[in-house]
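Here is the structure we will look at.
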2 protein chains.
Amino acid sequence: MNKSEALSERAGNETSDLSKARLRAWLQILKVSRKIEGELREKMRLEFGSTLPRFDVLAALYRERDGMRMSELSKSLMVSNGNVTGIVDRLVAEGLVVRMPVENDRRASIVRLTPAGEKDFAERALVHEGWVSDLFSDLSSGDADALIRILRNISHHNEAPHHD
Amino acid sequence: MNKSEALSERAGNETSDLSKARLRAWLQILKVSRKIEGELREKMRLEFGSTLPRFDVLAALYRERDGMRMSELSKSLMVSNGNVTGIVDRLVAEGLVVRMPVENDRRASIVRLTPAGEKDFAERALVHEGWVSDLFSDLSSGDADALIRILRNISHHNEAPHHD
DNA sequence: CACAAATATTTTAGGTTTGAAATATTTTCA
DNA sequence: TGAAAATATTTCAAACCTAAAATATTTGTG
């Protein structure tokens, strides 16, 4: 705790100005992220008859054309294992991804895009980028860079400590 | 569209550098917001045996001590009506809020904190602010202000148009 | 007044999400 | 080798969340 923080602390449970500024920042992040997510969810539903979580899975698989394990997928998306199971099930039912067995490990399976999945995602990704750019049309190039820099700092500090 | 944007547009569906910067900014917002939300969810569960959505409802009601209608609550939290019904049901079961009839309008009801709800929330809010400040401990006062300014711009641009 | 339109909320169906338990398989090591 | 530990995934129960339909009530209008 630095000097000005220490000075502003009192008995009884008051909190510092810095702490309050950080709380405001967090609430603002939450507000923007909910608003944008809601807009994108609606567009996704109306234009593609699909959902954001499915789009996220397709995006991850599009970056790894040889496919990913379920566990890699859930780690990359930062959601639980059980969650990915259901989303992949639906994408399989839609014919956009397939599950393939892994040589020498019958516990695991590799998920990858079908040709239809690749084609659909490529189209959707372009449209999606346009939506985002529209929703952020007040964000200048400089502010975008500043935003990314500040948020990366926060991300890095909260990076999950990896086991060796 | 400004000159450099126009110059970087091509036939066929390429997108501008600015559009890509905005997309990166959005993905970074999403990443931070998921990470922080996950951390807070876990702390909320372990320390209070509760959840973020319930905390959010309590927070809204703490700001409006005379209570709010279900519709005001869902508008303020930016979630659907039906969603709030379930969360309030659970808070009622826990004894933290009550539903009261509205004079002259039997369709509506006012939700407000019980004394136990006020007491519990006041305690939790202090702890919560501490968690947030820790999670954002790399965020300087200046960066917090910059972040808030930039995000407010985005919020305002995407403000729901109100009906008169 | 009657009755259509508007409003406030709940209910419903379908999907997303978590954490924990269950299942299946592989690896480790005594 | 063979039991225990570790790993990969699915299943499960409970909660959250949305959009749309249903219910109940109030308001506006001919």
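Each chain gets a letter, A, B and so on, in the order the sequences are listed, and its residues count up from 1. All values derive from a computational prediction rather than experimental measurement.
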* For C:dT17, does OP1 or OP2 lie under 4.0 Å from any side-chain N or O of B:R41? -> no

Separation of [X] atom [atom1] from [N] atom [atom2], in whole Å?
| X | N | atom1 | atom2 | value |
| --- | --- | --- | --- | --- |
| B:R90 | C:dT10 | CZ | C1' | 14 Å |
| A:M44 | D:dA19 | CE | P | 14 Å |
| B:L40 | C:dT18 | CG | P | 14 Å |
| B:K43 | C:dT18 | NZ | C1' | 17 Å |
| A:R54 | C:dG15 | CZ | C1' | 7 Å |
| A:E37 | C:dT16 | CD | C1' | 11 Å |
| B:F55 | D:dC16 | CZ | C1' | 18 Å |
| A:M78 | C:dT18 | CE | C1' | 15 Å |

* Structure fact -> Minimal heavy-atom distance between A:I150 and B:A146, with the atoms involved, is CD1-CB, 4.1 Å

Can you list, pair by pair, the side-chain donor-acceptor contacts under 3.5 Å of residues 39-49 of chain A, counting residues two or more places apart and other chains?
none

Close N/O contacts between protein and nucleotides 7-9 of chain D (under 3.5 Å):
from  : atom 1 : to     : atom 2 : distance (Å)
D:dT7 : O2     : A:R107 : NH1    : 2.7
D:dT9 : OP1    : A:M70  : N      : 3.4
D:dT9 : OP1    : A:S109 : N      : 3.1
D:dT9 : OP1    : A:S109 : O      : 3.1
D:dT9 : OP2    : A:S71  : N      : 2.7
D:dT9 : OP2    : A:S71  : OG     : 2.5

Are [X] and [Y] close enough that some pair of their side-chain heavy atoms sits under 4.5 Å apart?
| X | Y | value |
| --- | --- | --- |
| B:D143 | B:L147 | no |
| A:R149 | A:D145 | no |
| B:I110 | B:R69 | yes |

* Electrostatic pair B:K119-B:E123, nearest N-O below 4.0 angstrom -> yes

Would you classify [X] as touching base, sugar-phosphate or nothing, given that sugar-phosphate means primed atoms plus P, OP1 and OP2, and contacts are heavy atoms under 4.0 Å?
| X | value |
| --- | --- |
| B:R34 | nothing |
| A:T51 | sugar-phosphate |
| A:L52 | nothing |

* **Pairwise 5' ranking along DNA chain D for B:R106 and A:D89, keeping only the more 5' one** => A:D89

* Asked: Mapping A:R45 and A:N83 to their closest nucleotides on DNA chain D, which lands nearer the 5' end?
  -> A:N83

* If you pin A:G82 and A:N104 to their nearest nucleotides in DNA chain C, which one's is more 5'? -> A:G82

* Nearest to the side chain of B:P53 - D:dC16, D:dT25, D:dT18? -> D:dC16

* Should we count NZ of B:K31 as having more than 12 external heavy atoms under 6.0 Å? -> no

